[in-house]
2 protein chains.
Amino acid sequence: MDAPRWLDDREMAAWQGFLEASNRVARHLEAQLRDAAGLSHPQYEILVRLADAPDRSLRMTELADGLLTSKSGLTYQVDRLEKRGLVVRRSCPTDVRGVLAVLTDEGLHTLREAAPGHVAAVREVLIDVLEDDEVTVLAGAFDRVGRRLRPHDGA
Amino acid sequence: MDAPRWLDDREMAAWQGFLEASNRVARHLEAQLRDAAGLSHPQYEILVRLADAPDRSLRMTELADGLLTSKSGLTYQVDRLEKRGLVVRRSCPTDVRGVLAVLTDEGLHTLREAAPGHVAAVREVLIDVLEDDEVTVLAGAFDRVGRRLRPHDGA
DNA sequence: GCGGAGTTGTTCGAAGTCGAACGACCGGCG
DNA sequence: CGCCGGTCGTTCGACTTCGAACAACTCCGC
């Protein structure tokens with residue numbers, strides 16, 4: 001490691017831009033969701049995944065895998081959602097240890113109310129700021145970056 | 001807002017990829033810095049900015065502006081750094097309210113030890129995963145995205 | 001010089017995140 | 001049947017972050 005390859009200007013701009021953009025975008029969307037629907041971004045993602053799942057329900061572990069949060073973090077957020085009545089916990093029929101998180105009607109309603117505003121915000125701060133070909137490049141590149149850091153996904 | 005423009009597959013891939021990539025990259029670098037130098041990423045950035053500043057010192061507010069953290073967050077991190085002896089607080093000569101954060105020799109030394117490994121990690125998980133033209137596109141696009149969300153930068 | 005509006009950095013409480021430890025439970029093998 | 005490594009979800013304590021409130025102070029117009 002005696003000859004570190006430093007970042008040239010172009011690389012530095014990409015790196016700094018990435019850092020600033022990811023921070024600001026995350027903050028902005030967090031604020032938008034909270035103001036519009038009283039949801040944090042992790043909570044919103046939990047609702048989305050449950051809404052797409054069969055029976056609107058998923059095991060805690062399945063939920064935690066897709067989400068990029070820890071198991072304990074998921075427990076915390078599901079607690080919050082349950083106290084608001086957007087999600088219910090049921091015990092898993094095939095495994096006594098297991099817990100099923102189930103989206104309630106109210107949860108689905110809340111999600112449907114929040115989704116358009118959230119998507120609009122995503123467009124406003126990211127997608128619609130980019131040219132079409134930039135979106136394409138970004139999708140390809142980030143798929144590679146994300147996959148590479150995924151715990152166990154050789155593909 | 002009755003006709004939300006949803007994201008098509010390509011846009012969705014870009015958005016999801018952005019989310020996953022920014023989370024995983026941030027986590028990975030946080031872990032790398034902590035293991036190699038006992039620094040958090042915010043702390044590392046503070047050291048970098050101080051090292052580049054005249055007299056290796058900056059006002060707290062100047063520091064907070066460049067950094068993407070709040071004032072209180074900065075106070076907390078500078079407290080940490082000061083307890084480790086990497087930074088010292090001095091009162092500002094031209095403004096009694098002001099506080100100058102000054103990088104110590106030990107702070108500079110720690111930074112120089114940490115920098116090569118950090119840069120290598122940035123290359124490994126982001127820059128070197130991308131093609132040259134992808135880096136270029138990314139730099140341009142993110143500059144626009146970041147600038148757009150900046151509090152006060154009409155340009 | 002003076003008074004009020006704005007700035008500066010810190011403190012405080014609330015919130016969220018993580019990893020490690022934990023009790024409870026599954027499943028296979030003897 | 002009985003045991004034992006592995007899995008499930010929660011709990012716990014430590015850490016970090018944020019915004020609002022705060023006291024001290026500057027700066028500008030008069």
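Each chain gets a letter, A, B and so on, in the order its sequence line appears, and its residues count up from 1.
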**Item:** Residue pair A/L39 / A/L81, side-chain heavy-atom distance below 4.5 Å
**Value:** yes

Separation of atom [atom1] in [X] from atom [atom2] in [N], rounded to whole Å:
| X | N | atom1 | atom2 | value |
| --- | --- | --- | --- | --- |
| B/E62 | C/dT8 | CD | P | 10 Å |
| A/Y44 | C/dG16 | OH | P | 19 Å |
| A/E30 | C/dG16 | CD | C1' | 10 Å |
| A/D79 | D/dT10 | CG | P | 7 Å |

Within a reach of under 6.0 Å around [atom1] of [X], are more than 12 heavy atoms found that belong to other residues, nucleotides or ligands?
| X | atom1 | result |
| --- | --- | --- |
| A/R144 | CZ | yes |
| A/R90 | CZ | no |
| B/D133 | CG | yes |

Given the rule that I, L, V, M, F, W and Y join up when any side-chain heavy atoms are under 4.5 Å apart, are A/L111 and A/L50 in one cluster?
yes

Protein heavy-atom contacts under 4.0 Å, written 5' to 3' over nucleotides 14-27 of chain D as B (base), S (sugar-phosphate only) or - (none), form the string -SSBBB----BBS-

In short, side chain to side chain donor-acceptor pair (under 3.5 Å) pairs touching residues 46-57 of chain A with sequence neighbours left out are A/R56-A/D105

